[in-house]
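Data first, discussion second: the structure below is written as structure tokens.
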Amino acid sequence: MTLIKLKNDSAPKYADKMPYFNEMFNDFFDGLLTSDFRRTSTPAVNIIEDDDNFKLEVAAPGLAKEDFKINVDNDLLSISAERKNETNEKNNRYTRKEFSYVSFKRSFNLPEMVDTDNINANYESGVMTLTLPKREEAKPKPAREIKIS
């Protein structure tokens with residue numbers, strides 16, 4: 001069986017009699033095979049900058065902090081997680097085995113202004129927050145007045 005997405009310009013003659021069916025069919029498969037599918041396999045990340053730090057917020061609900069690995073190698077920050085669940089239920093008539101596997105990896109090139117030796121991470125309420133402090137020389141300096149001699 002082959003599924004073909006119908007387009008309005010090449011729709012068969014009966015398509016105008018069933019517009020709701022065609023829209024429902026196309027919407028279902030668009031969401032299943034495109035953006036929503038990718039969104040579930042890679043968590044969303046917010047990047048926030050202030051005067052002293054960069055903050056990365058990784059939305060990863062359902063994971064534990066032990067599931068994460070965070071590495072810095074040559075100014076490349078890698079955040080990954082992996083969780084495996086497996087359950088077995090045996091009865092004299094049947095055996096049921098269920099398993100799930102969740103994993104992802106995101107990498108970020110760090111700017112030279114990040115102090116990679118002092119990065120810290122915190123996982124709370126489904127959000128992994130990484131604080132990347134800026135080097136002292138990269139922080140904004142207050143304005144000063146220069147005296148004329």
Side-chain angles (χ1 to χ4, degrees), residues 1-140:
M1 178 176 169
T2 304
L3 297 175
I4 301 172
K5 179 178 177 181
L6 298 174
K7 294 184 180 179
N8 290 340
D9 56 346
S10 64
K13 294 178 186 178
Y14 61 84
D16 60 337
K17 295 178 179 148
M18 299 184 309
Y20 301 112
F21 176 76
N22 289 334
E23 289 174 18
M24 179 182 71
F25 183 79
N26 289 338
D27 289 345
F28 174 77
F29 284 103
D30 278 345
L32 179 67
L33 300 175
T34 57
S35 62
D36 291 338
F37 179 75
R38 276 184 251 129
R39 227 178 279 138
T40 59
S41 61
T42 305
V45 176
N46 294 327
I47 301 173
I48 304 160
E49 180 181 8
D50 62 26
D51 289 343
D52 298 323
N53 303 299
F54 290 98
K55 284 192 179 184
L56 271 70
E57 298 174 336
V58 181
L63 296 173
K65 67 179 182 178
E66 296 80 24
D67 297 332
F68 287 90
K69 286 185 180 177
I70 302 171
N71 299 314
V72 176
D73 185 22
N74 292 329
D75 294 329
L76 182 69
L77 174 69
S78 298
I79 305 166
S80 61
E82 180 177 285
R83 185 187 74 214
K84 297 178 187 179
N85 288 331
E86 186 174 319
T87 59
N88 287 318
E89 183 181 330
K90 292 187 179 188
N91 196 333
N92 57 356
R93 296 177 138 180
Y94 64 90
T95 300
R96 185 176 97 186
K97 182 176 184 178
E98 294 183 13
F99 60 93
S100 66
Y101 180 77
V102 176
S103 72
F104 73 86
K105 183 173 184 176
R106 297 282 310 256
S107 296
F108 302 90
N109 288 317
L110 298 177
E112 291 179 10
M113 66 176 68
V114 172
D115 182 4
T116 57
D117 295 331
N118 292 312
I119 296 174
N120 63 53
N122 181 37
Y123 184 70
E124 187 176 327
S125 301
V127 178
M128 174 64 72
T129 303
L130 284 87
T131 304
L132 296 87
K134 293 181 180 178
R135 298 179 193 267
E136 285 300 318
E137 58 270 14
K139 293 180 182 177

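Between the CD atom in E57 and the OG1 atom in T131 there is a gap of 9.0 Å [rounded to 0.5 Å]. Taken to the nearest 0.5 Å, the OG atom of S103 stands 10.0 Å off from the CG atom of L63. Atom NZ of K84 and atom OG of S100 lie 11.0 Å apart (nearest 0.5 Å). Here the OG1-CZ distance, from T87 to R96, works out to 6.0 Å after rounding to the nearest 0.5 Å.
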Check your understanding: Would N109 and L76 satisfy side chain to side chain contact (heavy atoms under 4.5 Å, CB included), going step by step from the backbone distance to the final call?
Key -> CA-CA 5 Å; N109 288 317; L76 182 69; 3.3 Å; yes
Check your understanding: Between L77 and L132, is a side chain to side chain contact (heavy atoms under 4.5 Å, CB included) present by the stated rule, with each step listed?
Key -> CA-CA 10 Å; L77 174 69; L132 296 87; 4.1 Å; yes
Exercise for review: Evaluate the criterion side chain to side chain contact (heavy atoms under 4.5 Å, CB included) for residue pair E124 and T129; output intermediate values, then yes/no.
Suggested key: CA-CA 8 Å; E124 187 176 327; T129 303; over 6 Å; no
Practice item. List the steps, then state whether side chain to side chain contact (heavy atoms under 4.5 Å, CB included) holds for L130 with F108. Key: CA-CA 12 Å; L130 284 87; F108 302 90; over 6 Å; no
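Take Y123 and apply the ring-ring contact (aromatic ring centres under 6.0 Å, His included) test, not counting sequence neighbours, and it matches F68. Among residues two or more places apart in sequence or in another chain, the side chain to side chain contact (heavy atoms under 4.5 Å, CB included) test is passed with N71 by none. Partners of E86 according to the side chain to side chain contact (heavy atoms under 4.5 Å, CB included) rule, which considers only residues two or more places apart in sequence or in another chain, are N88, K97, F99. K69 is linked by a side-chain hydrogen bond (donor to acceptor under 3.5 Å, both in side chains) to nothing, counting only residues two or more places apart in sequence or in another chain. Listed by chain and residue number, nothing satisfies the side chain to side chain contact (heavy atoms under 4.5 Å, CB included) test with A59 (two or more places apart in sequence, or in another chain).
Contact between D51 and P140 at its shortest, heavy atoms only, is O-CD, 3.5 Å. Across all their heavy atoms, F104 and I79 have their closest contact at CE1-O, 3.9 Å. Between A121 and I70, the closest heavy-atom pair is CB-CD1, 3.7 Å. Taking each heavy atom of D52 and K139 in turn, the nearest pair found is OD1-CD, 3.6 Å.
Side chain of R106 to main chain of V58: no donor-acceptor pair is present (N/O by atom type, distance under 3.5 Å, no hydrogens or angles).
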Output side-chain donor-acceptor pairs under 3.5 Å for residues 110-118, partner residues at least two apart or in another chain, one line each.
from	atom 1	to	atom 2	distance (Å)
D115	OD1	D117	N	3.4
D115	OD2	N118	ND2	2.5

